[in-house]
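So the structure is just underneath, and the comments pick up after that.
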There are 2 protein chains.
Amino acid sequence: MPPLLVIDHHNGVPAYRQIMDQIKLQIATGVLAAGAEMPSTRTLSADLALNPMTISKAYSLLEHDGALERRRGQTLVVRAVKDAEGRSARLELLRTQFAAAASLARQLDIPKDEAIRIFKASLDETQS
Amino acid sequence: MPPLLVIDHHNGVPAYRQIMDQIKLQIATGVLAAGAEMPSTRTLSADLALNPMTISKAYSLLEHDGALERRRGQTLVVRAVKDAEGRSARLELLRTQFAAAASLARQLDIPKDEAIRIFKASLDETQS
DNA sequence: ATTAGCGTATTAGTGCACTAATACAGCATG
DNA sequence: CATGCTGTATTAGTGCACTAATACGCTAAT
């Protein structure tokens, strides 16, 4: 089975941010349940062949963002979220992605109605 | 009257990109009409207190993007009209980006109609 | 107390994007 | 030709984001 996190070293996205994005997505989709314990910085750093500081940076930022929290000592666990919070978190993820798409549409001078038409088609074409 | 271009040196956006964005905007809004001659790299570099190479970089990229074109020598002018030649390529870029957004929406179990609603909002927020 | 795990503050190294300095080639006009 | 403009290739400098190396303090268990 594939590891929980995968780092792509040649796509320009910094490793700590790839970690953050994937964990956030896994929390939003329920792959990581509330209360789940995260691997330690050294364990994860060994798995991903990264320095513990890189993991620490990602974890710290995730804690600052409210995605993770500390419990009894240094153990990092997935934060328990209300359903409404989970929903708003998912919507926030969507907005980020959609904003990039909308920005691209604007850069390409694609009319709004046509952008919407193409987007609808993409939604229909998306398969499981 | 204010100069045509204004560079903000402490907002993190590189100067050459500020130049590109402002010129593209002025073309889109008609402030720069098709066929209008752009100031020379040295003239503009003096006005903006930048190196001619920075202007040259912006101009070259704008030409590559199809916003400007060369005419009779080195004079750079605003390109006449966007034609349909690169249209299919632009739409293909859009489809790639939109497919990623649609895929995320599906992973997050966001209903189609709500995804479209959020996307429309993103399009509106992208203005200016 | 000792051991073994934990996270991270501090420091340093590295790569890259951006900008500038310099120098050169092309074109027009006298 | 000579002059004066044009754009830019080449090179170098600089700042910053990212990552790693090292070392330290902390907690828990024995």
Side-chain angles (χ1 to χ4, degrees), chain A residues 3-24 32 35-79 96 100 103 107, chain B residues 3-24 32 35-79:
Chain A
L4 253 63
L5 271 56
V6 178
I7 302 300
D8 184 345
H9 289 277
H10 57 77
N11 65 353
V13 181
Y16 82 94
R17 184 147 285 281
Q18 292 187 42
I19 294 171
M20 290 180 65
D21 291 343
Q22 292 182 38
I23 289 180
K24 277 188 177 180
L32 281 175
E37 290 189 3
M38 300 303 298
S40 74
T41 55
R42 284 174 158 79
T43 300
L44 189 54
S45 72
D47 290 346
L48 301 182
L50 292 172
N51 190 280
M53 280 308 302
T54 302
I55 313 297
S56 178
K57 181 175 184 176
Y59 277 1
S60 297
L61 290 174
L62 284 170
E63 186 190 10
H64 183 268
D65 289 352
L68 303 180
E69 67 179 357
R70 278 176 211 300
R71 188 176 297 173
R72 55 170 185 288
Q74 283 90 8
T75 311
L76 271 170
V77 300
V78 176
R79 183 172 178 229
T96 301
S103 175
Q107 289 179 22
Chain B
L4 254 64
L5 298 175
V6 179
I7 302 301
D8 184 346
H9 289 277
H10 56 77
N11 65 353
V13 181
Y16 82 94
R17 185 147 283 282
Q18 294 187 41
I19 295 171
M20 291 180 65
D21 292 343
Q22 291 183 37
I23 289 179
K24 279 187 177 180
L32 281 174
E37 290 190 2
M38 301 301 299
S40 75
T41 55
R42 285 169 206 282
T43 300
L44 189 54
S45 73
D47 290 347
L48 302 182
L50 292 171
N51 190 281
M53 281 307 304
T54 302
I55 314 297
S56 177
K57 180 175 184 177
Y59 277 0
S60 297
L61 290 174
L62 284 170
E63 185 191 11
H64 183 268
D65 288 353
L68 303 181
E69 68 178 356
R70 276 175 214 301
R71 190 176 294 175
R72 55 171 186 285
Q74 282 91 6
T75 310
L76 273 169
V77 300
V78 176
R79 187 163 185 230

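Side chains included, hydrogens not; waters and symmetry mates left out as well; all remaining heavy atoms used. Remember, it's a predicted structure, so these values are computed and weren't measured experimentally.
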Rounding to an integer number of Å, can you tell me how far [X] [atom1] sits from [N] [atom2]?
X	N	atom1	atom2	value
A:Leu61	D:dT19	CG	P	11 Å
A:Leu44	C:dG5	CG	P	17 Å
A:Asn11	C:dC16	CG	P	14 Å
A:Gln18	D:dA17	CD	C1'	15 Å
A:Arg17	D:dC18	CZ	P	8 Å
B:Leu50	C:dA21	CG	P	11 Å
B:Ile7	C:dA20	CD1	P	10 Å
B:Leu68	D:dG7	CG	P	11 Å

Indicate whether OP1 or OP2 belonging to [N] is found under 4.0 Å from a side-chain N or O atom of [X].
X	N	value
B:Thr43	D:dT6	yes
A:Asn51	D:dT19	no
B:Tyr16	C:dT19	no
A:Thr41	C:dG7	yes
B:Thr54	C:dA20	yes
B:Ser40	D:dC5	no
A:Ser60	C:dT8	yes

**Message:** Would you say that more than 12 heavy atoms from the other residues, nucleotides or ligands in this model lie under 6.0 Å from the NE2 of A:His9, or not?
**Reply:**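 Atom NE2 in A:His9 is crowded, with more than 12 foreign heavy atoms closer than 6.0 Å.
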**Request:** Keeping the roles fixed (side chain from A:Asp65, backbone from A:Ala67), state whether a donor-acceptor pair exists under 3.5 Å.
**Result:**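 The answer is no, because no donor-acceptor pair under 3.5 Å joins these two groups.
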**Message:** Please check: side-chain N/O of B:Ser56 versus main-chain N/O of B:Pro52, any donor-acceptor pairing under 3.5 Å?
**Reply:**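 No, because the side chain of B:Ser56 does not come within donor-acceptor range (under 3.5 Å) of the backbone of B:Pro52.
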**Request:** Tell me, with the steps shown, if B:Leu32 and B:Met38 meet side chain to side chain contact (heavy atoms under 4.5 Å, CB included).
**Result:** CA-CA 9 Å; B:Leu32 281 174; B:Met38 301 301 299; 4.1 Å; yes
**Request:** Looking at every strand, decide which applies to A:Ile55 at a 4.0 Å heavy-atom threshold: base, sugar-phosphate, or nothing.
**Result:**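 Since no nucleic acid heavy atom lies under 4.0 Å of A:Ile55, the category is nothing.
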**Message:** With nearest nucleotide decided by heavy atoms, which residue, A:Glu63 or B:Arg42, maps closer to the 5′ end of DNA chain C?
**Reply:**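 Going by which nucleotide is closer to the 5' end, it is A:Glu63.
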[X] side chain: which of [options] is closest?
X	options	value
A:Lys57	D:dT19, C:dG7, C:dA21	D:dT19
B:Pro14	C:dC18, D:dT8, D:dA20	C:dC18
A:Met53	C:dT10, C:dC6, D:dG7	C:dT10

**Request:** Hey, could you give me the CD1/CD1 distance between A:Ile19 and A:Ile7, rounded to the nearest 0.5 Å?
**Result:**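 Reported value, rounded in 0.5 Å steps: 4.5 Å.
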